[in-house]
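Got a structure for you, written out below as structure tokens; questions coming shortly.
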Amino acid sequence: MATVEEKTTPPCCSLQNNNKSAAAASSTVDSRSDPPPKSPSAKGITVMAKAQTCHPLDPLSAAEISVAIATVRAAGATPEVRDSMRFIEVDMVEPEKHVVALADAYFFPPFQPSLLPRTKGGPVIPSKLPPRKARLVVYNKKSNETSIWIVELTEVHATTRGGHHRGKVISSTIVPDVQPPMDAVEYAECEAVVKNYPPFQEAMKKRGIEDMDLVMVDPWCAGYDSEADAPSRRLAKPLFFCRTESDCPMENGYARPVEGIHVLVDMQNMVVLEFEDRKLVPLPPADPLRNYTSGETRGGVDRSDVKPLQIIQPDGPSFRVNGHFIQWQKWNFRIGFTPREGLIIYSVAYIDGSRGRRPVAHRLSFVEMVVPYGDPNDPHYRKNAFDAGEDGLGKNAHSLKKGCDCLGYIKYFDAHFTNFYGSVETIENCVCLHEEDHGMLWKHQDWRTGLAEVRRSRRLTVSFICTVANYEYGFYWHFYQDGKIEAEVKLTGILSLGALQQGETRKYGTTIAPGLYAPVHQHFFVARMDMAVDCKPGEAFNQVVEVNVKIEEPGKNNVHNNAFYAEEKPLKSELEAMRDCDPLSARHWIVRNTRSVNRTGYLTGYKLVPGANCLPLAGSEAKFLRRAAFLKHNLWVTPYARGEMYPGGEFPNQNPRDGEGLATWVKQNRPLEEADVVLWYVFGVTHIPRLEDWPVMPVEHIGFMLMPHGFFNCSPAVDVPPSPSDLDDKENGMPAKPSQNGLIAKL
């Protein structure tokens, strides 16, 4: 539990030159943030009075979402069309990079005019930024059509005064032959339809279940196995489970899978299209170890010897927050949030003494995840969820009011979404920002003098957690004092199980209880990193170099047979940059600036260091790989192109085509030798379930590092001051005692 809890919620964004709204917006600035300048100037350059209260990268406010939806509804050709509109996503249209630079230079603190190139006669500064725009994915329930709308948000503040919408439709385009992501409303309706279907009720009676309140229906997107799954219909193929106690809402219902029943649901018309009771598999007996709630509620006893652990920051945190702009330990960046990706980190930069603000990345996010199962039996062979593209990581995020893994002084941010019918919903405390102690940062003790220096490591963590059916995923970006950035995913939740006949075993999974087994599966995540190492907006001076450690051949250069060295190879084009991890050669990749050098004369850079990783274990002809060809390599590199956002294409749901997304874009084989590069890093874990993963799976960690490589002239961690804990003997709660002679014994 947090010792102090604070929350930042964006103000209603007005795009008018409105002094009142600007004043109201400034009141949301955190008390520890730099106050807005009283004089509109920075470094002697005139700064225009701010006409915007929202930065161009800020997430859409609730008011903006409402205006965008009302504008689209009003543009519907007929009442029938308007009534048929269902709203899948409403998101900000991200501005061009030069607009972001303009905003950061002259419109929003800390005012950084050096971001823009110098011009003869001085810069020409516009009086206001371009209007913000919203992008809406709309599903027409009557026609089964998907459309994309772009709306200019011109007077968003009008809705807060009881006025009418004043948005402007810029474009609307019907996208043929696609299905957009599913919505929670559809899932609930699908469950009700199946449970009320008489043949399904009869099938459950054969399995000893007459109370439909015990039954859980988890609708899964149909994927694409054959032409029958084509996107001309909106389909779901549910999985079924059954609780044992109807009056126990916290019972683990996933402990009793129902197998042998095939159901295909038309999600457009909410009718059952196909039903077949293929095989009578008895329900697994109620496992006495199935529940995971505390103490007696699960039929057990909790540990009694865990004493309180308190994280206290009596002077508050070291970070500062101004809207969505974060400053901490020489780092600064902005945070955003979308229904699909969840958390986004924008404009990452490091303040490096006399060199000033040094960019590292323009945009960091997790853009897709795929979970393929390795059991060829029905229904598990078709379990290959695209949890971002078919459902949405952001839309499934938690309110951390209901449980947070953060300790200490926490800053929370809300997230706003549309629901299926176009009302705005808010996930309170959706994103968590806090500092963490991270053990030892560095240490050295001089054995001659006995003198030692040690520093504790602190990191800034930005995170959110989402639930997709039975699994939970925590997504984290950690910023360190030595210039590292770590991306981490924490996997937990409940295993997706199968039922066994009496005496049956499956080699494609682990038996965890009588009649119950957990299939083997994999989890893959795709991090998209739009890099900008020492590049201002508009500059394209980055290249990617692969590094492998080589063993020197025996001979005159290796007479002692001990020699090895790091060999670098530039990745000059997209097809060259389709690469896989190789821990045996310590393979990693460096993003270098081709025009920036450090004090030794070498190019500055940041390197991507893989963690534990894997590739798909499915055969090359596996059907899910048609949609997930991007899983075939751990690293892909592309030059930045607006619109190239999602590795499986924008609409992977029921997508039969293999000609979309990352694997298709790289066929252009665009040059990368000096470019605005985007890294796509695919990382995953192969999960062979254990008994210890039941009834709830302890967190498993996977991820990677972005580390400075020749970016700094020396370690940026050398100026971190000692903390009181470095000086005290905490074991006994007493100050550390100096050694009698200042020396240490040599053993």
Side-chain angles (χ1 to χ4, degrees), residues 88-89 137 139 146 148 175-183 219-239 264 267 340-341 365-376 378-393 395-396 468-469 471 473 496 519 521-528 578 614-636 638 643-667 680-684 686:
I88 305 297
E89 293 177 6
V137 177
Y139 174 66
T146 300
I148 296 176
V175 185
D177 301 323
V178 300
Q179 286 295 336
M182 293 289 186
D183 188 85
W220 280 53
C221 293
Y224 188 86
D225 289 322
S226 68
E227 184 61 29
D229 299 324
S232 56
R233 302 181 296 175
R234 188 164 174 80
L235 303 174
K237 297 178 180 178
L239 301 177
L264 180 69
M267 300 292 279
R340 182 165 183 157
E341 300 159 87
S365 71
F366 298 97
V367 288
E368 189 56 274
M369 60 173 290
V370 184
V371 187
Y373 280 68
D375 187 341
D378 187 40
H380 308 289
Y381 75 90
R382 59 179 173 82
K383 289 159 68 174
N384 44 74
F386 286 59
D387 287 333
E390 292 178 341
D391 285 287
L393 302 178
K395 289 177 71 173
N396 286 286
V468 186
Y471 258 105
Y473 301 95
S496 180
H521 57 281
Q522 296 181 289
H523 299 260
F524 290 100
F525 305 87
V526 184
R528 180 183 180 275
M578 297 160 54
C614 62
L615 288 168
L617 296 173
S620 60
E621 299 302 314
K623 293 177 180 177
F624 81 89
L625 286 176
R626 291 184 62 182
R627 300 193 295 152
F630 54 87
L631 297 183
K632 294 180 180 180
H633 295 286
N634 295 127
L635 180 75
W636 308 70
T638 61
E644 293 185 2
M645 288 296 301
Y646 307 115
E650 179 161 13
F651 300 106
N653 187 14
Q654 294 178 240
N655 190 333
R657 296 177 290 273
D658 56 1
E660 294 185 2
L662 186 54
T664 297
W665 301 332
V666 299
K667 291 178 182 178
W680 308 75
Y681 183 62
V682 180
F683 61 106
T686 300

Between Pro231 and Asp177 the two heavy atoms that sit nearest each other are CG-O, 3.3 Å

Pairwise distance CZ(Arg626) to CD(Glu660) - rounded to 0.5 angstrom: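 One finds 11.5 Å between CZ of Arg626 and CD of Glu660.
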
Under 4.5 Å between any side-chain heavy atoms of Ile88 and Arg340, yes or no?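 Not in contact.
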
Just wondering, do Val682 and Lys632 contact through their side chains at under 4.5 Å, heavy atoms? no

Distance, nearest 0.5 Å, that separates CZ of Phe683 from CG of Leu631: 12.0 Å

Partner set under salt bridge (charged side-chain N to carboxylate O under 4.0 Å, His left out) for Asp387, not counting sequence neighbours: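 Result, salt bridge (charged side-chain N to carboxylate O under 4.0 Å, His left out) vs Asp387: none returned.
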
Between side-chain atoms of residues 220-227 and protein atoms elsewhere (two or more places apart, or another chain), which donor-acceptor pairs fall under 3.5 Å?
| from | atom 1 | to | atom 2 | distance (Å) |
| --- | --- | --- | --- | --- |
| Tyr224 | OH | Glu227 | OE1 | 3.2 |
| Ser226 | OG | Ala228 | N | 3.3 |

Find out whether Met267 and Met182 are in side-chain contact, i.e. whether some heavy atom of one side chain is under 4.5 Å from a heavy atom of the other. yes

What distance do His633 atom NE2 and Leu615 atom CG have between them, rounded to the nearest 0.5 Å?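 Rounded to the nearest 0.5 Å, the NE2-CG separation comes out at 8.5 Å.
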
Can you tell me how far NZ of Lys237 sits from CG of Asp229, rounded to the nearest 0.5 angstrom?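 Rounded to the nearest 0.5 Å, the CG-NZ separation comes to 3.5 Å.
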
May I ask you to test the Gln522-Cys614 pair for a side-chain heavy-atom distance under 4.5 Å?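 Yes, close enough: below the 4.5 Å cut-off.
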
Minimum heavy-atom separation for Val370 and Pro372, please, with both atom names.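 Closest heavy-atom pair between Val370 and Pro372: O-CD, 3.5 Å.
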
Keeping the roles fixed (side chain from Arg627, backbone from Phe386), state whether a donor-acceptor pair exists under 3.5 Å. no

For the side chain to side chain contact (heavy atoms under 4.5 Å, CB included) test, which of Thr146, Val137, Asn653 pairs with Val178?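 Exactly one pass, corresponding to Thr146.
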
So do the side chains of Val371 and Tyr473 get within less than 4.5 Å of each other, counting heavy atoms only?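 Yes - at least one pair of side-chain heavy atoms lies under 4.5 Å apart.
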
If you look at every heavy atom in His380 and Pro519, which pair is closest and at what distance? ND1-CG, 3.9 Å

So does Lys395 pair up with Asp183, basic N to acidic O under 4.0 Å? yes

What is the minimum heavy-atom distance between Leu235 and Gln654, and which atoms define it?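 Smallest interatomic distance, heavy atoms only, reads N-OE1, 2.9 Å.
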
For residues 643-652, which side-chain donor-acceptor pairs fall under 3.5 Å, sequence neighbours excluded?
| from | atom 1 | to | atom 2 | distance (Å) |
| --- | --- | --- | --- | --- |
| Glu644 | OE1 | Arg670 | NH2 | 3.2 |
| Glu644 | OE2 | Arg670 | NH1 | 3.1 |
| Glu644 | OE2 | Arg670 | NH2 | 3.3 |
| Glu650 | OE1 | Arg135 | NH2 | 2.9 |
| Glu650 | OE2 | Arg135 | NH1 | 2.7 |
| Glu650 | OE2 | Arg135 | NH2 | 3.3 |

Check the angle between the aromatic planes of Trp680 and Trp665 and answer parallel, tilted or perpendicular using the 30° and 60° thresholds. tilted

Using side-chain heavy atoms (C-beta onward) and a distance below 4.5 Å, is Arg233 in contact with Leu264?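 SC-SC contact between Arg233 and Leu264 confirmed.
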
Nearest non-hydrogen partners of Phe524 and Pro616, listed with the distance: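 Closest pair (atom of Phe524, atom of Pro616, distance): CZ-N, 3.5 Å.
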
Report the distance from atom CG of Asp391 to atom CG of Asn396, rounding to the nearest 0.5 Å.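 Asp391 CG to Asn396 CG: 5.5 Å, rounded to 0.5 Å.
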
Value rounded to 0.5 Å, distance of CG in Asp378 from NZ in Lys383: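 One finds 10.5 Å between CG of Asp378 and NZ of Lys383.
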
Please confirm whether the backbone N or O of Glu368 pairs with a side-chain atom of Arg528, one donor and one acceptor, at under 3.5 Å?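 Answer holds: no.
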
On a heavy-atom basis, which atom in Trp636 and which in Ala663 lie closest, and how many Å separate them?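 Heavy-atom minimum between the residues: CZ3-CA, 4.0 Å.
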
